[in-house]
Amino acid sequence: MKAENEVIDVSGARVHNLKNIDISIPKNELVVITGISGSGKSSLAFDTIYSEGQRRYMETFGAYARQFIGDMERPDVDKITGLSPVISIEQKTTNKNPRSTVGTITEVYDFFRLLFARIGEAYSYNTGKKMVKWSEEEIVENIFKRFRDQKINLLAPVVRGRKGHYRELFEDIRKKGYLKVRVDGEIKDLVPKMQVDRYKIHDIEIVVDRLEVNAASKARLSQSVQATLKLGKELMFLLVDQTDQPVQYSKQLMCEDTGISYEEPSPNSFSFNSPYGACPYCKGIGTAYAIDMESVLPDRKLSISEGGIAPLGEERNASVFQQVVAFAKKHKINMNKPVESLPAGQLELLLYGDGGADQALDLDGSDESIPDIYTGSYEGIIPMLKRWFFSSQTSEWLREWVEQFMMLKSCPSCNGDRLKKESLWFRVDEKNIAELSNLNLDKLGIWLKGIESRLSKKQNAIAKDILKEIRERLQFLLDVGLTYLTLYRPSRTLSGGESQRIRLATQIGSQLQGITYILDEPSIGLHQRDNHRLITSLQNLRDIGNSVLVVEHDKDIMLAADYLIDIGPKAGYHGGRVVAKGSPKEILKLDTITAGYLNGHLKIETPLERRPGNGKTLELKGATGNNLKNVSVQFPLGKLIVVTGVSGSGKSTLINETLYPILSQHAYHSKKAPMAYKSVKGLEHIDKVVEIDQSPIGRTPRSNPATYCGFFTDIRTLFAAVPEAKIRGYNAGRFSFNVKTGRCDVCEGGGMRVIEMNFLPDVYVPCEKCNGKRYNRETLEIRYKGKSISDVLDMTVDDAVEFFQAVPSIYRKIKTLQDVGLGYITLGQSAVTLSGGEAQRVKLSTELSKKDTGKTFYILDEPTTGLHFEDIKHLLQVLNKLVDKGNTVLVIEHNMDVIKVADHIIDLGPEGGDGGGRILFEGTPEGLVKCKESYTGQYLKGEL
């Protein structure tokens, strides 16, 4: 037994379905908490241990500060002792900000910015020649050479891109004897008490001298240049009369041939989140909205009057349409001819306008509210859409309407590199910062390997510490199997597992000790090949003196743990107990479901024969999105297809970003554009596509399985048909907890009341009027077979199947919930309390209960996330039912139990990132094990 200070003691945990459990968790060890989906693993790890750790931390703040922090609910537990500071690394914390990238969240990009600012060599974007630093004499000579006999202004920049009123600055400049300043591009006389808008960003330059460049003024020019550079801190602008764009001169970096000058670089010069580094066109996002002409002119066979120009719609009495009619009349454009037969010039005039001077357009309208004469030039459809979309004055609904005619494209100015051109012409070892940020992390590691030998002695002295920090952080990312990512990869495109492993790498890098880390399935999205890397990282975190608690179902991680806790025995009401605890060796000897799968007594059987399919195929050719290498692939219909390959090999690009949008456009005319491909055949064999993910079935406590699956409407109709309800005149709406007439008026159908406790957490108590039943007394008096509507919502699915056996329409839908292994959840269980795996199975049951055509294509991306071996068994039974009805089910998966039961496998690889994107194998699992190039095949050998 471990000493008291070496364990985390949890006594009397009753959060969610936990049955008053007591457990001692050893500290400074790798502990895996496992069990069937919905058994209470997350309730113990996150909702009890992590929640209590957070609450205790918040308690250290004063009462006044706590009321601004928000609620920290006290978990339902008697006592927790031995708890050290907790850090939770969950899957749900991905940043949706388009500016957030792998480089920014790991801080690797910040160190690269510093590296380029300190040792980057500048090149001219005009000539490509290396920039040089000039003396004052050289600047004077260059001005003579370029601007001889021209009148010029010499400007000294004193404020660059900063807010403020600058009253004192203007006064100080005036006292020094200067008469003019250039404010935000406009030259103004200096007057007493001069100031600018303090809330706007300003650029201010002092006009040091105005002179004509000739031999007589050479001495004066030399003195003025010296004074200007001094005031502008080695930077000056030269403005030729009658021009708006100043020429920049600097004692720092300059191109001898063209006179282009760059500012001395700072880390901000390479930040796409700073106005000094970001591309001015896309503001550092890398993509920009552009008009999608296919959406504007969807059917060129239609005339303008019939709606050939989609934003205009069909002919109607609207002012915009009347303007177009008047403009077409003036330019003799036939509104009734098909768009495709209109002369190109006329169509261009309609779309882009004439941009001419004011002109009168006759508006032929009988309505007096429409003026007879429309004064002003005709704007054009495209400029009008752009104005509505980009204007800050546009209402949200109008912008959303315009968005259907726009599409996101790579920025035409920076080509997706996010930075302004000057920043992209700074190089280290012949590469700019964007080129390095677009390299896969493993290739970036190779570039860094011998970098010192390619740098000068001075550069090495400056870069030594920066390179050390970059290498350390990069190595942690490589250690957790993220070799295929790039620094520019937006964080919103990362899967939950990838995001979690990045945060894990950051925590390992922080080298904190004495922390309790709690992780939620870090193996998500990771191929078996890379599992050992993740296990090593978790062990490193433990070895530096931390407690690591992992909620996990992966066999390798369970067996590598120091201590295993198995929660069960079943899910929901039938779970919430500790069924086994101890080292993996001890657990293997026990007779539990988890132990059975670990020691091989229980297993998911391989089918005796693979389905032949229906003989039809869907063929996709020439897919080139992201890292796909001109991939052509066949999807045999009527089969269970599994797409495999190492992380980053191109599975999601091929299926989620290419195939799914194609099928969605075919079935539902979806707007989402697929990634680049050449052709697709066989779409006529599919009439419906369904994507089933693990996102919640609802984000409010009012959403529940009964409302999501749709049978609650049938139950309400059934209650409204009860004789007593008919006598009282109740309709189905009376039995909805979202409608005023039938619900409890105190809790408004929520069943719970929130008691605000000021600086303490809010307390949730059952409503004192309805006792948590949600409905008012009159509604609860209506009973069907002795049960009120509230009693029905409190029934488990197993009980409801029996209760509604005589009502086929309801029974069929509830029975499918039971068939997917959710017999333990209640019909009215809040959607926010369902796990990801449970939410996915609710969605699957909804699909199963629908009358299918046998031509549906189902797509599931890693459906085994959060599922125990026993849950996977249930899931496969459900998927096989869908296939047996004639449908096609496609699953992207790393789990060997799913891979081995597939009818058809498509394996991508061989590596991730640039080393992947090829089809290695198409065929049965038996054939895949013979493919020597496939990592999946190597791991599958032991399963078949």
Side-chain angles (χ1 to χ4, degrees), residues 87-113 267 270-274 277-279 282-288 408 410-411 414 416-419 433-445 469-470 473-510 517 519-526 530 534 537 625-627 647-653 656-657 672 675 693-695 836 861-862 865 892 912-913:
I87 293 177
S88 149
I89 307 178
E90 296 183 73
Q91 304 158 30
K92 299 164 190 165
T93 48
T94 46
N95 194 333
K96 300 298 177 192
N97 188 333
R99 295 188 172 279
S100 175
T101 65
V102 169
T104 58
I105 57 179
T106 58
E107 297 179 1
V108 174
Y109 188 75
D110 299 322
F111 283 101
F112 267 113
R113 291 196 290 120
F270 304 98
S271 169
F272 44 80
N273 293 326
S274 159
C279 162
C282 65
K283 307 288 188 290
I285 301 289
T287 54
L408 266 178
S410 192
C411 171
C414 65
D417 285 339
R418 294 174 171 248
L419 298 170
I433 196 166
E435 288 171 323
L436 293 176
S437 299
N438 282 314
L439 285 177
N440 288 350
L441 296 184
D442 52 355
K443 291 199 171 169
L444 187 58
E469 292 287 344
I470 291 173
R473 281 168 167 74
L474 194 62
Q475 193 55 49
F476 295 134
L477 290 168
L478 298 176
D479 287 344
V480 292
L482 297 171
T483 55
Y484 55 91
L485 294 181
T486 66
L487 295 182
Y488 262 1
R489 171 84 174 263
S491 59
R492 61 182 174 176
T493 66
L494 298 170
S495 70
E498 285 168 339
S499 164
Q500 194 174 190
R501 289 197 292 280
I502 284 174
R503 293 187 64 215
L504 175 62
T506 311
Q507 288 299 333
I508 297 168
S510 71
Y517 285 102
L519 289 88
D520 189 6
E521 286 205 81
S523 67
I524 294 167
L526 204 59
D530 300 316
L534 175 62
S537 297
N626 290 340
N627 66 334
S647 310
S649 58
K651 304 183 296 297
S652 294
T653 302
N656 296 340
E657 297 178 51
K672 189 182 177 188
M675 287 206 156
D693 58 17
Q694 292 205 342
S695 60
D861 191 352
E862 290 202 68
T865 301
I892 301 171

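Not measured: the values here are computed from a predicted model.
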To check you understand the geometry: which heavy-atom pair defines the closest contact between [X] and [Y], and what is its length?
X      : Y      : result
Ile524 : Arg501 : O-NH1, 2.8 Å
Gln507 : Ile87  : OE1-CD1, 3.7 Å
Ser537 : Val480 : OG-CG1, 3.2 Å
Ser510 : Tyr517 : OG-OH, 4.2 Å
Leu419 : Cys414 : O-CB, 3.6 Å
Asn438 : Tyr488 : OD1-CD2, 3.5 Å

What is the distance from atom [atom1] of [X] to atom [atom2] of [Y], rounded to the nearest 0.5 Å?
X      : Y      : atom1 : atom2 : value
Thr104 : Arg99  : OG1   : CZ    : 11.0 Å
Thr486 : Leu436 : OG1   : CG    : 11.5 Å
Leu408 : Ile285 : CG    : CD1   : 9.5 Å
Leu444 : Ser437 : CG    : OG    : 8.0 Å
Ser499 : Leu504 : OG    : CG    : 11.0 Å
Leu478 : Asp530 : CG    : CG    : 11.0 Å

Under 3.5 Å: donor-acceptor pair, side chain of [X], backbone of [Y]:
X      : Y      : answer
Glu657 : Met675 : no
Thr506 : Ile502 : yes
Ser100 : Asn97  : no
Asp861 : Ser652 : no
Arg418 : Asn273 : no
Thr101 : Leu487 : yes
Ser271 : Gly277 : no

Practice task
Output, in order, the C-alpha distance, side-chain angles, deciding distance and verdict of side-chain contact (heavy atoms from CB on, under 4.5 Å) for Asn656 and Ile892.
Solution key: CA-CA 9 Å; Asn656 296 340; Ile892 301 171; 3.8 Å; yes
Stepwise side-chain contact (heavy atoms from CB on, under 4.5 Å) check, Leu474 with Leu441: CA-CA 7 Å; Leu474 194 62; Leu441 296 184; 3.8 Å; yes
* Lys NZ or Arg CZ of Arg473 over Phe111 ring: under 6.0 Å, within 45° -> no
* Assign the ring pair Tyr109 / Phe272 to parallel, tilted or perpendicular, where the plane angle (0 to 90°) is split at 30° and 60°. =>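 Tyr109 vs Phe272 ring planes: tilted.
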Worksheet item: Would Leu485 and Leu494 count as a side-chain contact (heavy atoms from CB on, under 4.5 Å) if you check the C-alpha gap in whole Å, the side-chain angles of each, and the deciding distance to 0.1 Å?
Response: CA-CA 9 Å; Leu485 294 181; Leu494 298 170; 3.9 Å; yes
